[in-house]
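Quick notes on the structure that follows.
Here is how names work: the chains are called A, B, and so on, in the same order as the sequence lines, proteins then strands, and each is numbered from 1.
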Amino acid sequence: MNAFTYTRAEDVATAVGAIAGDGVARFIAGGTNLVDLMKANIERPSRLIDITRLPLRAIEPTSDGGLRIGALVTNTDLAYHPEIERRYPLLSRAILAGASAQLRNMASVGGNLMQRTRCAYFYDNATPCNKRTPGVGCSAIGGFTRYHAILGTSEHCIAVHPSDMCVAMAALDAIVRVSGPGGDRAIAFEDFHRLPGDTPHIETNKWPDEIITAVDLPVRGFAEHYAYVKVRDRASYAFALVSVAAALRMSGGRIEEGRLALGGVAHKPWRDRAAESALADQPASRQTFEGIADLMLRGARDFGFNAFKLPLAKRAIVRGLAQAAAVNGAARP
Amino acid sequence: MLKLNGLARPLDVAPWTTLLDALRELDLTGTKKGCDHGQCGACTVLVDGHRILSCLTLAVMKDGAEVTTIEGLAQNGTLHALQQAFVDHDAYQCGYCTPGQICSALGLIYEGRARTADDIRELMSGNLCRCGAYPNILAAIETVMKTSSDVPPR
């Protein structure tokens, strides 16, 4: 780890003021990803601004009937919060599918959004990586790509976003609230993370001098019909090869509205409005689900070692939709 | 300043010192450095009653916190129920992961969410045992959970 200075902020304004104009300063909360990246010399902050004492730990109702989750709420506290379990069980399930109990006890909601890819080439300072040094090339392309993207890739980067929590938040149409020198603003979850394009080092549409203060969940939580399917290399404590957040509104055996988000396949939680629109007013049948999966994966391409992800993603989407259609909140699997 | 195993301990560390390194420099070497990257759980300790990974925690950020390590579990020469259960069930081979396993199991019992053997397996998945003592670790934890009056409240 490089040497750095450490300061502690007591309120949001102080935190924003402290990071202004210092492009290599970083906020730190749970530290579960940042400290690791510092040990690997990927992150070399001049200064750490400890935000753990900011008053951002509440989970409270919003005026439109949703919930506001403070950015410092731990992953554990969020997953087991009674209102999250009751109204947004998809989010609870997704969080508990990720990391370990110790990491969830440390990790914050804001930090989960800001965590960086676990691409092995990104972590290896001995190999070129466009995220670490823009323009030097991507070592993953043509390398060992088992854990890499199949959707939304570019010739500059094929890394995936590692979060489970964010996949559920994307499906739920959450809103990210940030605060910066220009004031407060809201970013739709779908617009928060970016595709790599030719700037894979810019991962979010939050400016570096802005701080995440909260994530808002809209009123609709899809607590009756939801599923989070995560496929990984071991049964627990592993990143997703493919994950699927499925949320349905059903009437009888028909789907009235559907939401789908994929993890482990792209640089951001992957949504596809065309596929979701095609779910509306369809029977909850295997044929419907396979058609939707094909639609959702129509632009997918593989990079060799991750070719298995194309059929895997299709099966995971079909399974997620089938589970969501079958589940009701009282008797979930 | 840390409240370390019940005793106030002043601490003078550089900002980049992890809690793990700080503990070991205080000669509390029961907490183990396994991977040092948050992947193995050997460095698990309790901070304010919650199990966390000390290798990914900066000591300076825990100023004023209550920290419990494996050295803080035995009382007056008597092993903690979890320590005794690990001995009774032969829940280790090399022993390197054991302090982290026991601190993690204590956190799991405090959390009170595990009901079944599968719950324990899932909620202990952050602690790896390369000797493969998992069945006996599970048995040790189950034994203590069945007699949870042996575990003092945090």
Side-chain angles (χ1 to χ4, degrees), chain A residues 1-9 26-53 74-77 79-80 85 92-93 96-108 111 115 118 123 232 234-239, chain B residues 13-21 31 33-65 100-101 103-114 118-129 134:
Chain A
M1 238 184 286
N2 63 295
F4 58 86
T5 58
Y6 169 84
T7 56
R8 195 178 282 155
R26 290 284 182 274
F27 294 129
I28 184 165
T32 55
N33 188 213
L34 180 57
V35 173
D36 191 33
L37 288 165
M38 288 164 65
K39 288 182 180 188
N41 273 320
I42 308 299
E43 291 276 6
R44 299 176 55 83
S46 58
R47 187 156 51 120
L48 285 187
I49 302 158
D50 179 352
I51 56 169
T52 55
R53 302 188 189 209
T74 66
N75 285 202
T76 297
D77 286 347
Y80 293 115
E85 288 187 319
S92 182
R93 285 301 170 102
L96 294 175
S100 67
Q102 290 98 314
L103 289 164
R104 293 192 296 267
N105 281 344
M106 303 167 73
S108 68
Q115 69 178 307
R118 299 317 197 275
Y123 258 83
R232 43 187 158 171
R234 59 185 179 194
S236 181
Y237 199 20
F239 290 101
Chain B
V13 293
W16 46 88
T17 308
T18 61
L19 179 61
L20 171 61
D21 287 341
T31 306
K33 184 180 280 195
C35 69
D36 205 27
H37 288 285
Q39 298 176 6
C40 78
C43 69
T44 302
V45 299
L46 297 164
V47 171
D48 295 330
H50 302 288
R51 49 179 165 158
I52 57 109
L53 300 178
S54 60
C55 78
L56 293 182
T57 302
L58 297 177
V60 69
M61 291 176 68
K62 295 301 168 190
D63 188 20
Q101 297 278 1
C103 286
S104 188
L106 187 56
L108 170 120
I109 292 170
Y110 286 158
E111 289 156 12
R113 297 191 183 95
D118 273 349
D119 290 346
I120 298 172
R121 288 187 184 99
E122 169 60 33
L123 292 171
M124 288 294 293
S125 70
N127 292 84
L128 306 190
C129 169
Y134 296 110

*From T32(A) OG1 over to I52(B) CD1, what is the distance, rounded to the nearest 0.5 angstrom?*
11.0 Å
_Heavy-atom pairs under 4.5 Å with chain A: which of Q39(B), M124(B), E122(B), H37(B) has the most?_
H37(B)
*Heavy-atom contact with chain B under 4.5 Å, split by part of A107(A)*: neither
*Check whether R121(B) gets within reach of chain A through its side chain, its backbone, both or neither, counting any heavy atom under 4.5 Å.*
neither
*Considering only heavy atoms, which portion of L58(B) lies under 4.5 Å from any heavy atom of chain A: side chain, backbone, both, or neither?*
side chain
*Best-contacting candidate, L108(B), V60(B), L123(B), against chain A by heavy atom pairs under 4.5 angstrom*: V60(B)
*N2(A) versus chain B, heavy atoms under 4.5 Å apart: side chain, backbone, both or neither?*
backbone
*So do R8(A) and D63(B) actually touch side chain to side chain, heavy atoms under 4.5 Å?*
yes
*To the nearest 0.5 Å, how far apart are CD in E111(B) and CG in N105(A)?*
5.5 Å
_Rounded distance (nearest 0.5 Å) linking atom OG1 of T18(B) with atom CE of M38(A)_ = 11.0 Å
*Could you check which of L48(A), I28(A), T52(A) has the highest count of heavy-atom pairs closer than 4.5 Å to chain B?*
I28(A)
*chain B contact via T74(A) - side chain, backbone, both or neither, heavy atoms under 4.5 Å*: neither
_Check: D50(A) side chain, M61(B) main-chain N or O, donor-acceptor pair, under 3.5 Å_ = no
*Any side-chain heavy atom of C55(B) sitting closer than 4.5 Å to one from K39(A)?*
yes
_Could you check whether any side-chain heavy atom of Q102(A) comes within less than 4.5 Å of a side-chain heavy atom of N127(B), counting everything from C-beta outward?_
yes
*Taking every non-hydrogen atom, the tightest pair across C40(B) and Y237(A)*: N-OH, 4.3 Å
_Heavy-atom closest contact (G126(B) atom, S100(A) atom, distance)_ = CA-CB, 3.4 Å
*How many angstroms lie between CE in M106(A) and CG in L53(B), if you round to the nearest 0.5 Å?*
5.5 Å
*Could you have a look at A3(A), A99(A), G30(A) and say which one has the most heavy-atom pairs with chain B under 4.5 angstrom?*
A3(A)
*With side chains defined as the heavy atoms from C-beta onward, is the minimum distance between T76(A) and R113(B) less than 4.5 Å?*
yes
*asked:* Per the salt bridge (charged side-chain N to carboxylate O under 4.0 Å, His left out) rule, what does the pair list look like for residues 26-37 of chain A, sequence neighbours excluded?
replied: R26(A)-E43(A)
